[in-house]
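The sequence lines fix the lettering, A, B, ..., with proteins before strands; numbering per chain opens at 1.
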Amino acid sequence: MDIASIVGVDGFVAGLRRCGLTPVLDCAVVTFEVEVLGGPHTGRLVPTGVGVPELEAWPAVPPHWVHLPTDVPLTRTNSDVNETLFGWVRHSRQIAGWGDAEEPTQAWVAHVRGVLAEAA
Amino acid sequence: MMGRTSVAMTGQTSAALREHLLRPDGEEDVCLATYRASSGRSRWTALLRDVVLPLPGERSVHGNASFTGDYIVRTASQAATNGEGIALLHSHPRARSWQRMSGPDADAERSYAHLVHELTEYPLLGMTLAGIDGAWSARTWTQEGQAVWCESVRINDRRLHITWNNEQRPEPMSQSSQVRTVSAWGAQTQADLARLRVLVVGAGSVGLDVALRLAATGIEQVAIMDFDGVEVVNLDRLVGASRLDARLHRSKVEVARRLLTQAATAHSPEINAHEMSVCEPAGHDIALDHDVIFSCVDRPWPRAVLNALAYADLIPVLDGGISIDAFDEGSGMRNATWRTHVLRPGRPCLACNKQLDLGAVQTDRQGLLDDPSYMVRADTSLQPRRQNVAALSASVSASLLAQFVSLTVAPGGQGEPGPLQYTLSTNTLEHLPYTSRTHCTFENAVGDGDQRLPLTGPHRSAHQQIAERAEARRTVGQRLLRAALNGLVRPRRDLTLRTPASGVRSAHATSFQGDTPHEDGRRR
């Protein structure tokens with residue numbers, strides 16, 4: 001079965017598992033931990049998340065907000081505490097799309113790592 | 001099921017069926033296929049998916065063709081697993097045009113109608129291929145064994161081939177006002193074109209122009225969809241809209257309907273104006289009732305919705321746009337380019353041909369592009385580009401209409417040409433070499449129909465705009481102005497109005513300075 005044929009939240013969760021990650025559905029946010037590969041937090045395992053409403057049309061339409069705990073601050077950003085977990089902030093970070101990536105979830109994780117490299 | 005029914009398939013599916021059903025020995029043949037439903041507001045369409053050819057022993061050819069019950073059960077089981085129905089197809093090699101059924105053909109289909117419905121929960125679809133001209137005819141069967149004839153069968157290819165059921169949708173009478181048009185491509189082509197149901201999404205400079213010319217060409221049913229209103233700032237591009245339309249807070253589709261009604265040459269034109277967003281399920285359902293759709297919108301979300309529909313529901317979508325490159329300091333124009341393309345299986349989707357930023361779809365869908373507090377801190381790349389010129393938007397509509405004629409009339413047998421780009425600075429027309437991405441989610445969803453990706457949802461800014469316009473039209477000044485236009489009140493230069501929104505104002509501010517207002521916005 002083509003990976004792209006599994007859509008929605010289930011498709012995203014399945015993709016994270018294929019990437020070796022452990023997703024958890026916490027209220028209306030899918031959370032998982034990624035290792036930071038650049039910037040001040042290099043080497044740290046940081047929890048991050050995506051709001052479930054943003055995953056309805058996954059992988060055709062990428063999510064917009066990167067959810068992070070408040071102890072991972074990003075400057076130069078639109079951010080708010082709507083539709084996220086207590087003690088978390090969601091940050092506006094647009095990704096253009098997946099190009100021709102066979103595994104969109106991998107592209108999303110790479111996007112999140114890029115965002116985390118900017119964290120103070 | 002809806003009142004009107006139809007069938008659609010890709011050119012690839014059509015070719016596979018023809019290869020099996022039109023035998024070198026000239027005998028009739030039979031086979032099965034699966035379909036998915038595409039349910040619009042008033043039309044239900046069966047989208048053919050997989051051709052399931054008979055295994056040895058499952059059918060025999062003996063002048064007529066017969067098949068075993070096992071073949072039906074095997075295919076119905078496969079269909080049921082995927083949430084699909086099944087079609088029973090046979091050929092009449094020496095026939096042309098829409099076919100009625102002989103008694104034995106009807107008996108064969110009727111005998112499986114109930115079983116197939118029980119196995120798949122969808123009606124059995126019967127189809128006949130006429131060998132001489134490749135015309136298809138189709139009917140669905142109720143569980144009780146009643147045939148319900150379809151209105152049309154569409155083949156979505158470089159050319160959009162449609163076989164019309166003349167009893168359900170008769171050929172319209174050609175008009176004396178269409179003599180020049182008919183002379184360009186003949187009476188039969190005109191009759192086929194005129195029966196198309198065409199939707200134009202977006203009633204701006206390009207959409208309005210396109211819709212007007214479709215109506216003038218003689219297409220009987222042209223619909224236009226937009227939630228926006230006419231504003232003074234639109235008048236340099238919205239040809240035909242007046243200052244009065246802006247002052248009366250008229251919607252773009254209301255103005256479009258007035259202009260299209262004037263321009264239409266069909267004997268009984270049906271101009272439908274839909275003041276809504278195609279991003280919402282109600283607007284999307286209406287879109288599914290049409291044979292061809294023009295995408296004349298510039299926002300990412302509606303373009304993504306139409307992009308998905310083109311593949312999932314097999315309705316060709318003609319999309320286009322213009323990009324004007326002005327010098328930053330406002331001292332001139334560097335260049336302008338406009339692009340047009342037909343979105344359909346076999347051609348790259350909007351994302352594959354670099355015309356749609358999928359990340360921006362989510363931003364638009366969440367209303368962030370309409371949120372001033374968000375936009376003030378957003379990346380400048382998200383800021384909308386406002387440049388547009390009436391003299392150039394006509395080139396976009398011209399290119400879209402040329403794509404439409406190529407798709408539906410196929411001059412020289414060529415069909416639609418693929419993505420095109422015109423560059424104004426060098427005045428060059430290019431065929432763009434874009435191809436489809438292997439893992440494109442949109443293009444891998446061909447014929448998904450009602451199992452399509454859920455891209456629609458509440459479009460809050462559309463509702464807000466419609467509500468604000470309705471509120472603005474309720475003021476006393478607006479009511480008096482409308483009454484004056486209807487001849488119920490004679491406006492006076494010294495009449496003073498008190499309106500809740502604006503306090504005291506003189507009547508002539510809303511009634512052309514005391515001149516007798518004229519519906520078309522001119523002074524008498």
Side-chain angles (χ1 to χ4, degrees), chain A residues 1-12 15 18 28 50-67 74-84 89-108 110-112 114-115 118, chain B residues 82 279 300-305 307-309 311-312 348-369 371-382 434-448 451-458:
Chain A
M1 180 181 281
D2 192 305
I3 287 170
S5 67
I6 308 168
V7 299
V9 179
D10 293 344
F12 184 65
R18 281 193 300 274
V50 177
V52 168
E54 290 201 285
L55 293 168
E56 276 182 10
W58 173 272
V61 178
H64 178 78
W65 301 95
V66 176
H67 296 235
L74 293 176
T75 54
R76 197 183 58 79
T77 183
N78 258 313
S79 59
D80 62 40
V81 293
N82 298 327
E83 299 173 25
T84 191
V89 175
R90 61 176 197 170
H91 301 270
S92 167
R93 281 294 187 280
Q94 189 161 303
I95 179 172
W98 318 121
D100 202 18
E102 185 175 1
E103 179 57 88
T105 322
Q106 202 168 34
W108 177 257
H111 170 62
V112 172
V115 171
E118 304 169 18
Chain B
N82 297 320
C279 296
W301 188 18
R303 293 181 83 207
V305 167
N307 188 48
L309 180 151
Y311 297 88
C349 82
L350 278 181
C352 292
N353 76 17
K354 319 289 185 203
Q355 287 294 285
L356 179 64
D357 176 349
L358 292 174
V361 176
Q362 193 74 260
T363 315
D364 191 14
R365 195 180 189 205
Q366 295 180 25
L368 299 173
L369 300 179
D371 179 353
S373 65
Y374 176 86
M375 291 303 288
V376 76
R377 287 178 292 159
D379 193 293
T380 50
S381 65
L382 293 178
Y434 293 117
T435 54
S436 302
R437 294 168 296 154
T438 309
H439 306 290
C440 174
T441 316
F442 295 97
E443 295 180 46
N444 286 333
V446 170
D448 273 0
Q451 297 179 42
R452 70 186 72 81
L453 284 164
L455 286 176
T456 57

More than 12 heavy atoms of other residues, nucleotides or ligands under 6.0 Å from CD of A/Gln106: is that the case?
no
Can you confirm whether B/Arg365 sits close enough to A/Glu56 that some side-chain heavy atom of one is under 4.5 Å from a side-chain heavy atom of the other?
yes
Nearest heavy-atom pair of A/Pro59 and B/Thr441: which atoms, and what distance?
CG-OG1, 3.8 Å
Of the non-hydrogen atoms in B/Pro454 and A/Ala57, which two are nearest, and what is the gap between them?
O-CB, 4.0 Å
Working to the nearest 0.5 Å, report the span between NE2 of A/His64 and CG of B/Leu368.
5.0 Å
Flag the pair A/Trp98 / B/His439 as yes when at least one side-chain heavy-atom distance between them is below 4.5 Å, and no otherwise.
no
What closest approach, in Å, do B/Leu358 and A/Val61 show between heavy atoms, and which atom pair accounts for it?
O-CG1, 4.0 Å
Test your reading of the model: is there a side-chain donor-acceptor pair from A/Glu54 to the backbone of B/Gln362, 3.5 Å cut-off?
no
In terms of heavy-atom contacts, A/Trp58 and B/Leu453 come closest through O-CD2, 4.4 Å
